Amino acid sequence: MKLDVDIYLKQGRFLLDAQFKCFESALGIFGPSGCGKSTLFRALAGLVRPDGGHIILGGQTLFDASRRVFVPPHRRHIGLVFQDARLFPHWSVEQNLRAGECVKGRTLDRPYSFDDIVELLNIGHLIHRAVDDLSGGEKQRIAIGRTLLSNPRLMLMDEPVSGLDVSLKSQILPFLAQVHQSLKIPTVLISHDLGEILQLTDQLLLMREGSVVGNNTLDQLVRNPATLSELKGADLTNMIRVRVRKHDETKGITLLEVPRNPDYTIEMKRDSGLEPGREISLGIAANQIVLATQRMGSISIRNQLPGSVLKIIHTDDRSICHIETPAGILFAEITPGTEQELGLCEGSATWVLFKGLSIERI
Ligand SMILES: Nc1ncnc2c1ncn2[C@@H]1O[C@H](COP(=O)(O)OP(=O)(O)OP(=O)(O)O)[C@@H](O)[C@H]1O
């Protein structure tokens with residue numbers, strides 16, 4: 001995506017004064033509440049007209065105050081996904097999806113089919129259902145599908161999972177990443193949760209008080225003291241998708257397996273309400289993960305996964321390791337001293353350990 005933004009917009013007492021360029025295929029806009037993320041979203045979408053500056057997407061000027069150019073939202077071909085799904089309530093899933101693929105009764109040309117989207121978002125079994133009966137996570141998948149079917153040149157998503165119960169967030173995030181990888185549609189994801197953005201991209205636009213204070217990869221942003229401070233409060237939580245295998249009453253555990261690699265199992269505190277075969281998502285805080293150079297015997301930490309260090313990001317007081325494991329890429333937050341003692345570097349083999357009690361269902 002080639003996005004060139006230089007705008008200012010006064011909104012009551014708030015001033016959005018944002019300049020940035022993006023050449024990456026995905027961008028996460030991150031910042032605290034009230035910093036202007038949604039205002040920027042509305043300006044990019046054409047839902048609000050800035051007071052000055054320009055917005056150029058892929059060589060096309062969408063807004064230019066000096067030349068009096070303002071392309072209206074429906075001509076921008078930007079697919080919008082909001083916090084709430086905004087579906088037509090009395091229509092079926094299929095009718096809602098089909099609404100996305102027609103403009104003025106004409107079906108749009110797309111490099112992917114209706115069936116491709118249904119398969120990608122795993123919504124085939126919902127197709128004849130009324131949208132009112134769906135869960136929040138299912139509704140959001142339909143909303144994303146409808147937007148994709150409009151053949152957008154850019155997907156613009158404003159906190160697409162924030163409105164969902166935490167247990168449903170994890171239904172959506174892996175789909176967003178998969179959609180982005182498969183369809184290669186440039187995507188801008190707005191969130192105040194860094195963990196959510198990192199599931200899609202590590203290219204971040206950091207905002208504070210209406211301004212852009214950083215525009216780089218997370219790796220680079222944490223190396224720069226000026227932008228590092230913007231990230232300090234961000235808690236990193238890993239999400240792992242697992243399938244319930246069985247409950248063990250004597251041990252007091254529920255045994256879970258990684259669907260992609262069922263040979264690898266994870267134990268958590270017993271939750272007999274979960275029926276075997278069901279897929280759920282687990283959250284593990286990055287600072288609850290322990291790293292070891294070898295598999296540990298005689299230890300109370302029951303979960304041990306082999307991994308390989310992809311990347312280590314250094315902040316002034318912590319090292320954030322990205323580790324490829326059979327359960328996906330996990331973040332582990334350790335001290336620089338531990339990193340040194342373990343001799344970790346990119347490519348190192350390591351074991352990722354976490355207690356069953358550190359796992360939360362999300
Ligand atoms: N219509 C409006 N009139 C006046 N001020 C507004 C209006 N809409 C938003 N604001 C103010 O503009 C600022 C930025 O709001 P915005 O919704 O863009 O922030 P945000 O970063 O998306 O926040 P959040 O993460 O809480 O959604 C806030 O101080 C907000 O109160």
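Treat the numbers as computed from the prediction; the structure is a model and nothing was measured.
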- prompt: So Asp4 and His54, side-chain hydrogen bond (donor to acceptor under 3.5 Å, both in side chains) or not? Walk me through it.
  reply: CA-CA 8 Å; Asp4 176 357; His54 64 254; 3.3 Å; yes
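- Applying the salt bridge (charged side-chain N to carboxylate O under 4.0 Å, His left out) rule to pairs touching residues 13-27 yields nothing, sequence neighbours excluded.
- Annotation for Gln19: atom CD counts as buried by contact number, over 12 foreign heavy atoms lying within 6.0 Å.
- A 6.0 Å sphere centred on CD of Glu119 holds no more than 12 heavy atoms belonging to other residues, nucleotides or ligands.
- Atom-to-atom distance recorded for Phe41:CZ and Ile78:CD1 is 9.0 Å, nearest 0.5 angstrom.
- Considering CG of Leu148 and CD1 of Ile117, their distance stands at 4.5 Å, rounded to 0.5 Å.
- The distance from the NE2 atom of His247 to the CE atom of Met268 is 8.5 Å, given to the nearest 0.5 Å.
- His128 places none of its side-chain heavy atoms less than 4.5 Å from the side chain of Ser92.
- With a 4.5 Å cut-off on side-chain heavy atoms, Met155 and Ile144 count as touching.
- Pairing each heavy atom of Arg76 with each of Val71, the nearest pair is NE-O, 2.7 Å.
- Results of the side chain to side chain contact (heavy atoms under 4.5 Å, CB included) test with Arg141 over Val179, Val93, Ile123 single out Ile123 as the only residue that passes.
- Taking every heavy atom of both residues into account, Leu176 and Pro160 meet most closely at CD1-CG, 4.1 Å.
- The side-chain heavy atoms of Ile323 and Ile289, taken from C-beta on, include no pair separated by under 4.5 Å.
- Residue Arg302 qualifies as open at atom CZ: its count of foreign heavy atoms under 6.0 Å is 12 or below.
- For the pair Glu159 (side chain) and Asp84 (backbone), a donor-acceptor distance under 3.5 Å is absent.
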message: Using side-chain contact (heavy atoms from CB on, under 4.5 Å), reason through Cys22 and Met1 one step at a time and then give a plain yes or no.
response: CA-CA 7 Å; Cys22 177; Met1 123 175 79; 3.9 Å; yes
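- For His125, the NE2 atom is densely surrounded, since the number of other residues' heavy atoms within 6.0 Å is greater than 12.
- Both Tyr264 and Val242 belong to a single network of hydrophobic side chains, linked directly or stepwise wherever heavy atoms of I, L, V, M, F, W or Y lie under 4.5 Å apart.
- Taking all atoms of both residues into account, the shortest heavy-atom contact from Leu27 to Leu204 is CD1-C, 4.1 Å.
- There is no path of hydrophobic side-chain contacts, each under 4.5 Å, that joins Leu3 to Leu189.
- Around NZ of Lys10, the count of heavy atoms belonging to other residues, nucleotides or ligands within 6.0 Å exceeds 12.
- Of the possible donor and acceptor atoms, one in the side chain of Lys37 sits under 3.5 Å from a partner among the backbone N and O of Gly31.
- When all heavy atoms are compared, the tightest approach of Pro152 to Thr147 is CD-O, 3.3 Å.
- At distances below 3.5 Å, at least one donor-acceptor pair connects side-chain atoms of Asp271 with backbone N or O atoms of Gly273.
- Between the side chain of Asp64 and the backbone N or O of Ser66 there is at least one donor-acceptor pair closer than 3.5 Å.
- For the pair Asp248/Arg270, no side-chain contact is recorded, criterion being any heavy-atom separation below 4.5 Å from C-beta on.
- Annotation: cation-pi pair Arg49/Phe63 absent, no NZ/CZ under 6.0 Å from the ring centroid and within 45° of its normal.
- In this structure, Phe30 has its ring center no closer than 6.0 Å to that of His192.
- In this structure, the separation between CG on Asp51 and CD on Gln11 is 9.5 Å, given to the nearest 0.5 Å.
- Taking the ring-ring contact (aromatic ring centres under 6.0 Å, His included) definition, one finds that Tyr112 meets it with nothing, sequence neighbours left out.
- Residues satisfying the side-chain contact (heavy atoms from CB on, under 4.5 Å) criterion with Thr201, sequence neighbours excluded, are Ala26, Ile197, Gln203.
- With a 6.0 Å radius and a threshold of 12 heavy atoms from other residues, nucleotides or ligands, Gln340 has its CD atom at or below the threshold.
- Residue Ala43 comes nearest to Pro50 through the heavy atom pair CB-CG, 4.2 Å, listed as atom of the first residue, atom of the second, then distance.
- Leu9 and Leu47 fall within the same hydrophobic cluster, defined by Ile, Leu, Val, Met, Phe, Trp and Tyr side-chain heavy atoms under 4.5 Å apart, directly or through other members.
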Stepwise side-chain hydrogen bond (donor to acceptor under 3.5 Å, both in side chains) test for Asp158 and Ser38: CA-CA 7 Å; Asp158 189 3; Ser38 298; 3.1 Å; yes
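- For Leu342 against Leu291, the heavy-atom pair with the smallest separation is CD1-O, 3.7 Å.
- Interatomic distance, CD1 of Ile284 versus CD1 of Ile266, reported as 6.0 Å (0.5 Å rounding).
- Here the CD-CZ distance, from Glu333 to Arg318, works out to 4.0 Å after rounding to the nearest 0.5 Å.
- Distance alone, capped at 3.5 Å, places no donor-acceptor pair between the Lys311 side chain and the Ile320 backbone.
- In this structure, the side chain of Asn261 engages the main chain of Pro326 through a donor-acceptor pair within 3.5 Å.
- Side chains of Ile280 and Leu256 form a contact here, defined as non-hydrogen atoms less than 4.5 Å apart.
- Contact of the Phe354 side chain with the Gln288 side chain is not registered, since no non-hydrogen atoms from C-beta on lie closer than 4.5 Å.
- Hydrophobic clustering (ILVMFWY, side-chain heavy atoms < 4.5 Å, transitive): Trp351 and Leu344 are in distinct clusters.
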task: Using the side-chain contact (heavy atoms from CB on, under 4.5 Å) rule, take Leu44 and Leu154 through it: C-alpha gap first, then chi angles, then the decisive distance, then the call.
output: CA-CA 10 Å; Leu44 293 174; Leu154 173 72; 5.8 Å; no
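- Looking at heavy atoms from C-beta onward, Ile334 lies in side-chain contact with Cys321 at the 4.5 angstrom threshold.
- With Arg260 contributing its side chain and Arg241 its backbone, the two residues share no donor-acceptor pair below 3.5 Å.
- Tracing side-chain contacts under 4.5 Å through hydrophobic residues (I, L, V, M, F, W, Y), one reaches Val48 starting from Leu156; they form part of the same cluster.
- Residues Glu267 and Ile359 are not in side-chain contact: their nearest non-hydrogen atoms beyond the backbone lie 4.5 Å or more apart.
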